[in-house]
K.L.:
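Here it is, the structure in full.
Residue indices begin at 1 and follow the sequence shown. None of the values given here were measured: they were computed from a predicted structure.
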Amino acid sequence: MRYAVQRLLQAIPVFVATTFLIYAMVWALPGDPILALAGDKPLPASVLATLREHYHLNDPLIVQYGLYMAGVFLRGDLGETFTGQQVSELLTDRWAVTAQLAVTAWIFELVVGIGLGVLAALRRGKLADTAVLAGTTFVIAVPVFVVGYTAQIVLGLDLGLFPTAGTDEGWPVSYLLPGMVLGSFGLAYVARLTRASVVENLRADYVRTATAKGMRRSRVIGRHTLRNSLIPVVTYLGVDFGNLMAGAVVTEGIFNLPGIGQQVFQSIQLQEGPVVVGVTTLLVMIFIVANLLVDLLYGVLDPRIRRG
């Protein structure tokens, strides 16, 4: 419990500093969001003054940020768009789409990535190892939009294995192909990281001792080698879930998924700063929670960490 509380207290200043930087960068963007509401039509000076007062645009940046954070912590309020709609209401339906997409991609990374990494490590120097290394290098080198459009055409249109767009068939069917595309980059890193970690641990003294005692190879690999090898992999997977949530803009655009990535893109075009800040605040929370869970899982995988 002391270990968990210590990690939680460390996360608070990280959250405050990160959200302040994001808030400052969004509001430093050029252009007047109030004038953008009217388009080419001029607004009376009294209306402009009223709207700026309502959204606290005349206050110093630190005051605006303080009011925003007070709403987040005290009321769970992510702010209001310049059209009068609550940001939390705007993101409710879209958040579910992005979360389901990220979970699908994360599971794909976890299962396939670790499986390929273990296979390559146990077949080091053989055909399977070479194929995994070559395949992951290719995936890392190819941009995600190229992978997305190619998968959509070949697997969706030509072979008809997956739906090509939209969410009509629900989870997981509609999310399988975009999830694999979104998770392909992370899968390559998970596979290579798992391979390197397993290869290193296979040379460890405790593995040789367990083998010399006559322990079954499956038990040596599963209980001893893999458990210690997963520590760096868990680190990457924990952080990468936030990356998947934040990096879904391109994938959602290719597969026409109405998620928060699509909403953020539209909000930037419309200069809707409150939406961008609200989304990024939630993403920061996800990153911090993911890192906290990773820290706690460290203590489960290696008791020496929590005792230190």
Side-chain angles (χ1 to χ4, degrees), residues 7-38 43 47-99 102 238-250 252-253 258-295:
R7 291 295 182 268
L8 182 61
L9 291 176
Q10 290 174 351
I12 295 175
V14 174
F15 175 76
V16 174
T18 307
T19 52
F20 177 74
L21 287 174
I22 293 170
Y23 194 92
M25 288 188 290
V26 169
W27 290 108
L29 293 174
D32 190 331
I34 302 300
L35 292 177
L37 288 174
L43 287 175
V47 175
L48 291 174
T50 301
L51 289 174
R52 289 195 174 99
E53 183 68 25
H54 176 74
Y55 292 105
H56 305 285
L57 297 181
N58 296 324
D59 296 332
L61 176 64
I62 191 66
V63 174
Q64 295 183 46
Y65 174 75
L67 293 172
Y68 174 74
M69 293 307 296
V72 171
F73 283 113
L74 298 179
R75 301 185 301 274
D77 183 9
L78 294 176
E80 181 183 359
T81 69
F82 293 121
T83 57
Q85 185 177 6
Q86 290 296 318
V87 174
S88 56
E89 295 178 0
L90 184 65
L91 298 179
T92 299
D93 295 332
R94 292 179 176 269
W95 187 260
V97 173
T98 301
V239 175
D240 195 50
F241 185 76
N243 290 331
L244 294 173
M245 294 287 292
V249 177
V250 175
E252 288 179 359
I260 60 171
Q262 189 182 81
Q263 180 63 57
V264 168
F265 180 74
Q266 295 172 355
S267 299
I268 293 173
Q269 290 181 312
L270 298 174
Q271 297 185 23
E272 279 286 3
V275 178
V276 180
V277 172
V279 170
T280 50
T281 299
L282 287 176
L283 292 176
V284 168
M285 290 180 181
I286 291 175
F287 269 107
I288 290 176
V289 171
N291 278 283
L292 179 61
L293 293 176
V294 167
D295 285 340

K.L.:
Does any non-hydrogen side-chain atom of M69 lie less than 4.5 Å from one of F20?
P.N.:
no
K.L.:
Hey, could you give me the CG/CH2 distance between L282 and W95, rounded to the nearest 0.5 Å?
P.N.:
4.5 Å
K.L.:
Going through the checks in order, is the side chain to side chain contact (heavy atoms under 4.5 Å, CB included) test met by V279 and L91?
P.N.:
CA-CA 8 Å; V279 170; L91 298 179; 3.6 Å; yes
K.L.:
With sequence neighbours excluded, tell me which residues meet side chain to side chain donor-acceptor pair (under 3.5 Å) with T280.
P.N.:
none
K.L.:
Using ring centroids (six-membered ring only for Trp), state whether F287 and F15 fall under 6.0 Å.
P.N.:
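No, too far apart.
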K.L.:
Residues two or more places apart in sequence or in another chain: which of them pass side-chain contact (heavy atoms from CB on, under 4.5 Å) with V63?
P.N.:
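Listed in chain order: D59, P60, L67.
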K.L.:
Check whether any side-chain heavy atom of V275 lies under 4.5 Å from a side-chain heavy atom of Q263, and answer yes or no.
P.N.:
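A side-chain contact under 4.5 Å exists here.
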K.L.:
Kindly give the heavy-atom pair with the smallest separation between A24 and L61, and that separation in Å.
P.N.:
CB-CD2, 3.7 Å
K.L.:
With side chain to side chain contact (heavy atoms under 4.5 Å, CB included) as the test, would you mind laying out the steps for D77 and Y68 before giving the verdict?
P.N.:
CA-CA 8 Å; D77 183 9; Y68 174 74; over 6 Å; no
K.L.:
Can you tell me how far CD1 of I286 sits from CG of L244, rounded to the nearest 0.5 angstrom?
P.N.:
10.5 Å
K.L.:
More than 12 heavy atoms of other residues, nucleotides or ligands under 6.0 Å from CD of E53: yes or no?
P.N.:
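Atom CD in E53 is not packed in, count stays at 12 or less.
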K.L.:
Any side-chain heavy atom of V16 within less than 4.5 Å of one from Y65?
P.N.:
yes
K.L.:
Nearest 0.5 angstrom please: Q64 CD to N58 CG, how far?
P.N.:
8.5 Å
K.L.:
Quick one: closest heavy-atom pair of T98 and G259, and the distance?
P.N.:
OG1-CA, 3.3 Å
K.L.:
If the condition is side chain to side chain donor-acceptor pair (under 3.5 Å), which residues does T18 pass it with, not counting sequence neighbours?
P.N.:
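With sequence neighbours excluded, T18 shows a side chain to side chain donor-acceptor pair (under 3.5 Å) to no residue whatsoever.
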K.L.:
Enter the distance from E80:CD to L90:CG here, rounded to the nearest 0.5 Å.
P.N.:
12.0 Å
